[in-house]
Number of protein chains: 2
Amino acid sequence: MDKDKIDKKDHILDVAERVFADFGFDGASTRTISGEAGVNMAMLNYYFGSKEGLFLAIFERKISSFRTLLQNIGNDDSMTAWCKLDKCIDNYVERIIVNNCFQKLINREISMNKRWDLTDKITEILMVNIVEIRKIIEEGLNNGSFYKDIDVPMVIATIFGTKNYIINTPQLSSLIIGHDIRDEKFMEEELKPRIKTYMKRLLKAYLVNENDNSK
Amino acid sequence: MDKDKIDKKDHILDVAERVFADFGFDGASTRTISGEAGVNMAMLNYYFGSKEGLFLAIFERKISSFRTLLQNIGNDDSMTAWCKLDKCIDNYVERIIVNNCFQKLINREISMNKRWDLTDKITEILMVNIVEIRKIIEEGLNNGSFYKDIDVPMVIATIFGTKNYIINTPQLSSLIIGHDIRDEKFMEEELKPRIKTYMKRLLKAYLVNENDNSK
DNA sequence: TTTGATTAATCAATCGTTTGATTAATTTTG
DNA sequence: CAAAATTAATCAAACGATTGATTAATCAAA
């Protein structure tokens, strides 16, 4: 019973997450969401109070998932800073780039100038990731393994910006890469390792190479 | 007379560009746009046929502006590939990052899975920029001044992705950087040169440094 | 039977668009 | 040039459709 209720709520959240990602907050109607979820329209308000409540519930559900993913990497003291960053990239590409319309959802709505309460909520969630990455980079900076003159905030913008660019504009990325990146086989076998390799080389060249040169 | 008409249409486009950027295509109502532009609601349809027509008109107006900016750089044979890229970065930061809600508008709407005709139009516009950048990078690749194993599509994703990340999520970027990036003085005097410096160092480290090491 | 879950029907509000009428500007005609 | 005819620009009002939300009735389970 209770389990069924939770499953149904989770199912609604799954569907709503995708519909919101595809059509935006305003473009996604409650009728479309309830229709695709196979539930009565009134159930959305019954469970989540309002459309915005449903929207926020999607975020609430994600925030814990993100935290646990990052804690496992950041708090492992047996790894060097670069090793942690390497691990972060692998995990991000593996778990976040693929099949995650939530990222599209986040990036579209945060760029709006309305719904400031919602923006604050989104910002709070994203900062969890960002602070973790920043901690790792600054760790490498403090122990001298990274070049001293790196611009940490900009590096963060590059890490998330590059990732976002690829997943947020799949039509465009597909044209640039020369293959439909929404093709799951291609994404799994070719693009994922390619993104990992590229990001590591790019960051290594900027973060540690110059230091190596001076040595 | 005729000038006034053109100015009025341009004024509507200016206002609509900002309102669309702030609220999204669906979130921006024709009443809001006409209201802020100080014109009657029917004028939007009179001039542009429909809301989507108005939306497309904003893009039509921009495409020529972008083309001329890029042609001046790409077709100058007196510059090396790296010099062109350097120039591109300067121009992008100078003319596109600042006060350009159009970029936010583009990136929000292209991430939608509806209105495919509109997405195609946007993609076409963006490809103008991308092809130009790609040409420059491949020029440096072919004449040996860039490292041979670089991933050109990924570099493009980084260039535009980093830029987009900063301007599309100003609230978040401000938190990361530690200063409100919407502060014009800060943007002009500190952030703009900082972005230029960073992007050049990052790209140089990845594109040419490894090659220098092997020599 | 009583409580919570679910439904169809309906609400007021807002959406983008269209209309018919009116004014201003331009062109044509005598 | 001046009067008439035509076109362009602008407006308030209203259109049908859709929006998010709510209601009251029904269903299911304990």
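To find a chain, count down the sequence lines: A is the first, B the second, and so on, and within it residues start at 1.
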Between the CD atom in Gln171(B) and the CG atom in Asp120(A), the distance rounded to the nearest 0.5 Å is 8.0 Å
Exercise. Distance check: side-chain N/O of Asn40(B) vs OP1/OP2 of dA9(D), anything under 4.0 Å?
Worked result: no
Classify Thr30(B) by what it touches in the nucleic acid, base, sugar-phosphate, or nothing, heavy-atom distance under 4.0 Å. base
Per atom distances to the Met41(A) side chain, the nearest of dA21(D), dA12(D), dT6(C) is dA21(D)
Rounded to whole Å, the NE2-C1' distance (His11(B) to dA9(D)) equals 16 Å
Just to confirm, is there a sub-4.0 Å distance from OP1 or OP2 of dA5(C) to any side-chain nitrogen or oxygen of Lys8(A)? no
Whole-Å distance, Phe20(A) CZ to dT19(D) C1', equals 13 Å
Whole-Å distance, Phe48(A) CZ to dT6(C) P, equals 12 Å
Phe23(A) CZ to dG20(D) P, in whole Å, measures 13 Å
query = Looking only at side-chain N and O atoms, does Tyr47(A) come under 4.0 Å of OP1 or OP2 in dT6(C)?
reply = yes
Ignoring hydrogens and geometry, is there a side-chain-to-backbone donor-acceptor pair from Lys84(A) to Met79(A) under 3.5 Å?
no
Here the distance between atom C1' of dG20(D) and atom CG of Leu56(A), to the nearest Å, is 16 Å
Contacts of Tyr46(A) and Lys51(B) projected onto DNA chain C by closest heavy atom; the upstream (5') one is Tyr46(A)
Rounded to whole Å, the CD-P distance (Glu52(B) to dT17(C)) equals 9 Å
Cut-off 3.5 Å, no hydrogens considered: what does the side-chain donor-acceptor table look like for residues 123-134 of chain A, sequence neighbours left out?
{"residue": "Thr123(A)", "atom": "OG1", "partner": "Thr119(A)", "partner atom": "O", "Å": "2.7"}
{"residue": "Asn129(A)", "atom": "ND2", "partner": "Tyr92(A)", "partner atom": "OH", "Å": "3.0"}
{"residue": "Arg134(A)", "atom": "NH2", "partner": "Ile176(B)", "partner atom": "O", "Å": "3.1"}

Smallest heavy-atom separation, Ile181(A) atom then Pro170(A) atom, equals CD1-CA, 3.7 Å
Judged by nearest nucleotide, the residue sitting upstream toward the 5' end of DNA chain D, Asn45(A) or Gly27(A), is Gly27(A)
As its Watson-Crick or G-U partner within any shown strand, both distances under 3.5 Å, dT17(C) has dA14(D)
Between Ala42(A) and Arg31(B), the residue closer to the 5' end of DNA chain D by nearest nucleotide is Arg31(B)
For salt bridge (Lys or Arg N to Asp or Glu O under 4.0 Å), just list the numbers for Glu190(A) and Arg194(A), CA-CA rounded to whole Å, side-chain angles, deciding distance to a tenth of an Å, and then say yes or no.
CA-CA 6 Å; Glu190(A) 294 191 47; Arg194(A) 186 169 161 183; 5.9 Å; no
Met43(B) CE to dA8(D) P, in whole Å, measures 13 Å
Separation of dT19(D) atom P from Leu44(A) atom CG, nearest Å, is 13 Å
